[in-house]
There are 2 protein chains.
Amino acid sequence: MHNKINNISVDCSILGFEDGALKILLIKRDKEPGLNLWSLPGSYVYMDEKIHIAARRVLNELTGIHDVYLSQVGIFDELNRYPSHRVVSILYCALVKPEILELIAGSHAKEVGWFNITNLHPLPFDHNKMIQMSLNWLKEEIWQKPILKNLLPNKFPLNQMQDLYQSILQTSIDNRNLRKKVISQGLVEKLDEKTKGGQQRPAYLYKFRT
Amino acid sequence: MHNKINNISVDCSILGFEDGALKILLIKRDKEPGLNLWSLPGSYVYMDEKIHIAARRVLNELTGIHDVYLSQVGIFDELNRYPSHRVVSILYCALVKPEILELIAGSHAKEVGWFNITNLHPLPFDHNKMIQMSLNWLKEEIWQKPILKNLLPNKFPLNQMQDLYQSILQTSIDNRNLRKKVISQGLVEKLDEKTKGGQQRPAYLYKFRT
DNA sequence: GCAAAAGTGTTGAGTGTACACCCATGC
DNA sequence: GCATGGGTGTACACTCAACACTTTTGC
């Protein structure tokens with residue numbers, strides 16, 4: 001039924017944000033080539049399956065979760081990118097909220113782990129390049145669409161949002177300017193609620209509008 | 001030698017600008033499916049060929065020309081987009097200067113023709129969608145990169161440039177504002193030369209910088 | 001009361017947009 | 001001299017970037 005197209009695959013770069021740092025989800029490969037190496041999750045595309053469906057399938061098999069933001073970011077087609085034969089891979093990037101992040105780590109389908117995206121060790125195939133492309137894609141998208149919604153909790157203090165911007169852009173941002181911007185643009189909305197349990201002054205929580 | 005990957009193809013949307021209108025190059029298909037229908041030029045990708053090379057090959061076979069601006073714009077993967085079997089197609093968009101435009105029309109490799117991009121008749125497969133995506137892509141790129149360079153002659157009056165902007169964006173633009181913008185940004189440079197042979201006041205010619 | 005993080009305003013530069021008339025040439 | 005397209009300037013609104021101190025809480 002589900003014949004593979006063995007020249008076309010998808011790979012997923014699954015990003016999350018925790019403890020002020022961007023993380024990526026890797027799996028320990030359970031087959032050759034690259035057995036036991038940490039790598040991006042991926043799969044061949046089936047003959048009767050649209051490509052983005054294949055990407056969702058990979059995500060679901062891995063996490064059991066459906067409502068994750070997913071976007072196509074590029075094509076990798078180096079002739080020798082995969083050792084055994086020619087495989088063209090379509091790269092997808094998924095963004096997951098912290099609420100789901102823990103859940104995924106606990107899944108027992110495969111051995112999975114969240115890795116800090118900075119100073120990541122070498123991965124097999126062209127997976128480091130793929131991650132680099134995901135980050136570049138994210139940098140571009142960040143000002144175009146309210147995409148950070150998918151990396152932040154439903155309620156968050158603005159400073160957490162600022163940390164996220166800074167992690168992605170790899171620069172520091174003026175807090176007054178950022179606050180003014182996201183509020184005046186109507187991107188976020190202040191709630192009647194504050195953080196508690198912190199060691200200092202509590203912060204107002206915000207949520208994304210729309 | 002050159003085995004086809006028969007699930008992966010490229011299609012090329014080749015755009016030009018002439019007589020104040022955007023045009024697209026179509027070929028009359030010389031094989032089934034769609035024999036004798038006008039359509040985008042395309043080809044399977046070979047096993048030992050990168051995808052963008054396949055796109056250039058299509059262009060070269062058709063026109064004999066090498067230095068054409070070419071960019072990947074999207075992937076088409078509807079299950080039934082091609083009648084006989086599953087083919088995933090990568091869409092490329094090429095931009096050609098008027099100097100080359102005539103030349104291509106005269107090539108005798110295949111029956112080719114330039115068509116006005118507005119009110120284009122229905123094309124086979126998903127080719128109308130592809131063209132639509134090319135136009136959307138062009139609209140986005142137009143302010144990001146000095147891409148119009150590839151659609152205008154080497155020397156051109158600013159009003160011609162304005163016509164091109166307007167054709168692409170499908171809106172009218174204030175000429176003072178546009179002139180100010182492209183000059184102050186250093187996008188174009190005034191030459192010591194004017195149009196001649198026109199029926200009215202000659203216009204200064206400009207060229208793209210870089 | 002003090003350490004630590006949260007929160008807040010103003011100014012200047014630059015950019016985008018709206019808008020209407022004179023200019024140079026061919027005929 | 002007139003029709004045709006070529007060319008020009010100003011004023012306002014908005015957006016962005018730079019910059020440092022006060023406030024609130026937990027301990």
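Throughout, a chain's letter reflects where its sequence line sits, starting with A, and its residues are numbered from 1.
With sequence neighbours left out, A:Tyr92 forms a ring-ring contact (aromatic ring centres under 6.0 Å, His included) with no residue at all.
Rounded to whole Å, atom P of C:dG16 lies 13 Å from atom CG of B:Leu187. Summarising the geometry, the separation between OH on B:Tyr206 and P on D:dG6 is reported as 12 Å, rounded to the nearest angstrom. Regarding B:Asn175, its CG atom lies at a distance of 9 Å from the C1' atom of D:dG6, rounded to whole Å. Between B:Arg179 atom CZ and C:dG16 atom P there is a gap of 18 Å when expressed in whole angstrom units. For B:Tyr204 and D:dG7, the OH to C1' distance is 10 Å, given to the nearest whole Å. Between the CD1 atom of B:Ile183 and the C1' atom of D:dG9 there is a distance of 13 Å, given to the nearest Å. Between the NZ atom of A:Lys180 and the C1' atom of D:dA20 there is a distance of 13 Å, given to the nearest Å.
Less than 4.0 Å separates DNA chain D from no heavy atom of any residue of residues 151-169 of chain A.
Counting only distance, with no hydrogens or angles, the side chain of A:Asp77 and the backbone of B:Ile51 share a donor-acceptor pair below 3.5 Å.
Across the interface with DNA chain C, nearest-nucleotide mapping of A:Lys190 and B:Asp174 shows A:Lys190 to be the residue nearer the 5′ end.
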* **side chain to side chain donor-acceptor pair (under 3.5 Å) between B:Gln162 and B:Gln166, worked out** => CA-CA 6 Å; B:Gln162 181 173 351; B:Gln166 293 177 161; 3.2 Å; yes
* Asked: In B/S/- notation, 5' to 3', how is nucleotides 21-26 of chain C contacted by protein heavy atoms closer than 4.0 Å?
  -> --BBSS
